[in-house]
Amino acid sequence: MNTIAKYLQRIPLFFGLSEEQIRDLSSLLLERSYQKGRIIFMEGEPGEALYVLKSGLIKLTKRLEDGREHILHFVNPGEVFAEVVLFEGGDYPATAEVQEDCIVGVLRNQDIERLISQNPNMAVSMLRIMSRRLRTAQEKVMNLALHDTARRLSFTLLKMSQEHGIQKNDGILININLTNQELASLTGSSRETINRMLNSFKRAGAIDVDRQQITVLDRNKLEDLLR
């Protein structure tokens with residue numbers, strides 16, 4: 001089995017495929033490299049492919065009616081994104097921007113549809129992934145709708161520490177450089193309010209902030225804000 005096939009075999013979406021099907025899939029995968037700051041696709045562009053992140057980091061954002069940017073998700077290596085256009089067609093519902101130099105696998109819709117028709121297990125795996133994404137989106141909507149800024153920020157930091165955290169001696173480092181504006185976009189707040197909240201969390205000993213990196217020092221203190 002070639003290197004690409006071995007990589008695909010480790011991605012949850014493709015767990016149901018046989019080695020032969022994985023090899024067939026790897027022959028369809030187009031590999032592309034993007035530098036930090038590049039746009040892979042824009043919200044509103046025709047949706048033509050499903051993507052698999054091999055290395056790097058990608059930010060998915062959506063433009064709100066008032067012109068502000070709302071961050072939907074940070075894509076980690078091994079994650080599939082833009083899968084929604086496979087089922088409904090139409091345009092990309094979000095913009096994918098490269099946060100760290102990355103290598104991306106591209107699977108054209110027409111190719112993946114043919115593969116799914118030959119392997120129903122793959123369709124089930126994809127629906128599970130989309131279900132998890134929907135659950136995360138629902139959690140975020142509830143968080144934005146029901147909680148004040150402190151609770152929204154606490155929820156976001158806890159979530160980010162789970163998805164992007166690295167355990168250190170003093171706590172969990174969120175392994176993404178996040179500006180206050182990006183945190184504001186994640187939490188539906190303003191940059192100034194986020195700055196005040198971060199300083200408050202820091203004084204309380206819940207987090208530490210070093211430049212654009214945040215370390216969660218005490219999860220319990222953040223969780224207390226959600227009760």
Side-chain angles (χ1 to χ4, degrees), residues 3-4 6-14 29-43 45 47-64 68-86 92-107 126 129-130 132-137 139-140 143 152-153 155-168 171-189 191 194 198 207-216:
T3 303
I4 294 176
K6 289 179 180 177
Y7 172 74
L8 292 175
Q9 200 172 40
R10 296 195 298 271
I11 296 174
L13 176 60
F14 308 125
L29 192 75
L30 307 174
E31 196 169 275
R32 296 175 183 168
S33 298
Y34 295 92
Q35 293 183 330
K36 180 180 179 179
R38 288 287 304 275
I39 301 295
I40 297 177
F41 54 78
M42 290 285 293
E43 178 182 353
E45 290 181 347
E48 300 175 342
L50 172 152
Y51 295 81
V52 180
L53 182 59
K54 188 172 183 180
S55 64
L57 185 71
I58 290 171
K59 178 174 69 174
L60 300 180
T61 63
K62 189 169 184 65
R63 187 66 59 180
L64 302 178
R68 289 181 299 147
E69 176 189 87
H70 181 63
I71 298 175
L72 300 173
H73 183 60
F74 285 98
V75 183
N76 283 316
E79 285 192 81
V80 174
F81 61 105
E83 69 277 7
V84 66
V85 299
L86 175 62
Y92 289 116
T95 295
E97 180 182 349
V98 178
Q99 295 292 99
E100 298 173 1
D101 291 356
C102 68
I103 299 175
V104 175
V106 183
L107 289 167
M126 184 172 291
I129 287 176
M130 294 181 72
R132 286 198 295 271
R133 291 277 178 87
L134 178 60
R135 191 180 307 116
T136 298
E139 288 176 352
K140 193 167 186 179
N143 181 49
R152 294 200 301 271
L153 180 58
F155 176 89
T156 298
L157 293 178
L158 287 168
K159 191 77 172 175
M160 297 288 283
S161 69
Q162 289 178 332
E163 296 178 350
H164 306 278
I166 298 177
Q167 186 66 54
K168 299 289 186 178
I172 302 173
L173 173 68
I174 298 176
N175 193 33
I176 300 180
N177 290 332
L178 290 169
T179 66
N180 285 5
Q181 184 56 59
E182 286 174 324
L183 279 172
S185 297
L186 278 166
T187 57
S189 184
R191 182 168 53 85
I194 290 300
L198 288 175
I207 66 170
D208 185 38
V209 182
D210 183 12
R211 296 174 185 166
Q212 293 180 358
Q213 287 198 312
I214 298 173
T215 300
V216 176

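I71 pairs with exactly one of T187, T156, L60, L186 by the side-chain contact (heavy atoms from CB on, under 4.5 Å) rule, that one being L186. When the options V75, V52, I58 are evaluated for a side-chain contact (heavy atoms from CB on, under 4.5 Å) with V104, the one that passes is I58.
For Q99, the side-chain hydrogen bond (donor to acceptor under 3.5 Å, both in side chains) criterion is met by E182, not counting sequence neighbours. Remark: E31 pairs with K54 by the side-chain hydrogen bond (donor to acceptor under 3.5 Å, both in side chains) rule, at least two apart or across chains. Residues satisfying the side-chain hydrogen bond (donor to acceptor under 3.5 Å, both in side chains) test with R32, not counting sequence neighbours, are none. Applying the salt bridge (Lys or Arg N to Asp or Glu O under 4.0 Å) criterion to K62, with sequence neighbours excluded, gives E43. With sequence neighbours excluded, the residues satisfying side-chain hydrogen bond (donor to acceptor under 3.5 Å, both in side chains) with S161 are R219. Every side-chain contact (heavy atoms from CB on, under 4.5 Å) that A49 has, sequence neighbours left out, goes to Y51, Y92, V106.
With rounding to the nearest 0.5 angstrom, the SG atom of C102 is 10.0 Å from the CD atom of Q35. Atoms CG and CD1, from L53 and I103 in turn, are 9.5 Å apart once rounded to the nearest 0.5 Å. Atom CG in D101 sits 13.0 Å away from atom OH in Y34 (nearest 0.5 Å). In this structure, R63 CZ and H70 NE2 are separated by 12.5 Å, a value rounded to the nearest 0.5 Å. Taking CG from L178 and CG from L183, the interatomic distance works out to 5.0 Å, rounded to the nearest 0.5 Å.
The backbone N or O of E69 lies less than 3.5 Å from a partner atom in the side chain of S185, making a donor-acceptor pair. When atom types are taken as modelled, the side chain of R38 and the backbone of V98 share no donor-acceptor pair closer than 3.5 angstrom. Between the side chain of Q213 and the main chain of D210, no donor-acceptor pair closer than 3.5 Å is present. Listed for the N175 side chain is no donor-acceptor partner under 3.5 Å among the backbone atoms of H164.
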Let's go through E97 and T61 carefully: what are the C-alpha distance in whole Å and the side-chain angles of both, what is the deciding distance for side chain to side chain contact (heavy atoms under 4.5 Å, CB included) to 0.1 Å, and is it a yes or a no? CA-CA 8 Å; E97 180 182 349; T61 63; 5.5 Å; no
I207 vs L198, test: side chain to side chain contact (heavy atoms under 4.5 Å, CB included). Steps then yes/no.
CA-CA 8 Å; I207 66 170; L198 288 175; 3.7 Å; yes
Show your working on side chain to side chain contact (heavy atoms under 4.5 Å, CB included) between M160 and F74 and close with a plain yes or no. CA-CA 9 Å; M160 297 288 283; F74 285 98; 3.8 Å; yes
Task: Criterion side chain to side chain contact (heavy atoms under 4.5 Å, CB included) on K168 and I166, from CA distance to verdict - done: CA-CA 6 Å; K168 299 289 186 178; I166 298 177; 4.0 Å; yes
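Smallest separation of non-hydrogen atoms from G78 and Y7: N-OH, 3.5 Å. A pairwise comparison of heavy atoms in I172 and G165 identifies CG2-CA, 3.6 Å as the closest pair.
Proximity of L57 to N76: side-chain heavy atoms (C-beta onward) are separated by under 4.5 Å at one or more points.
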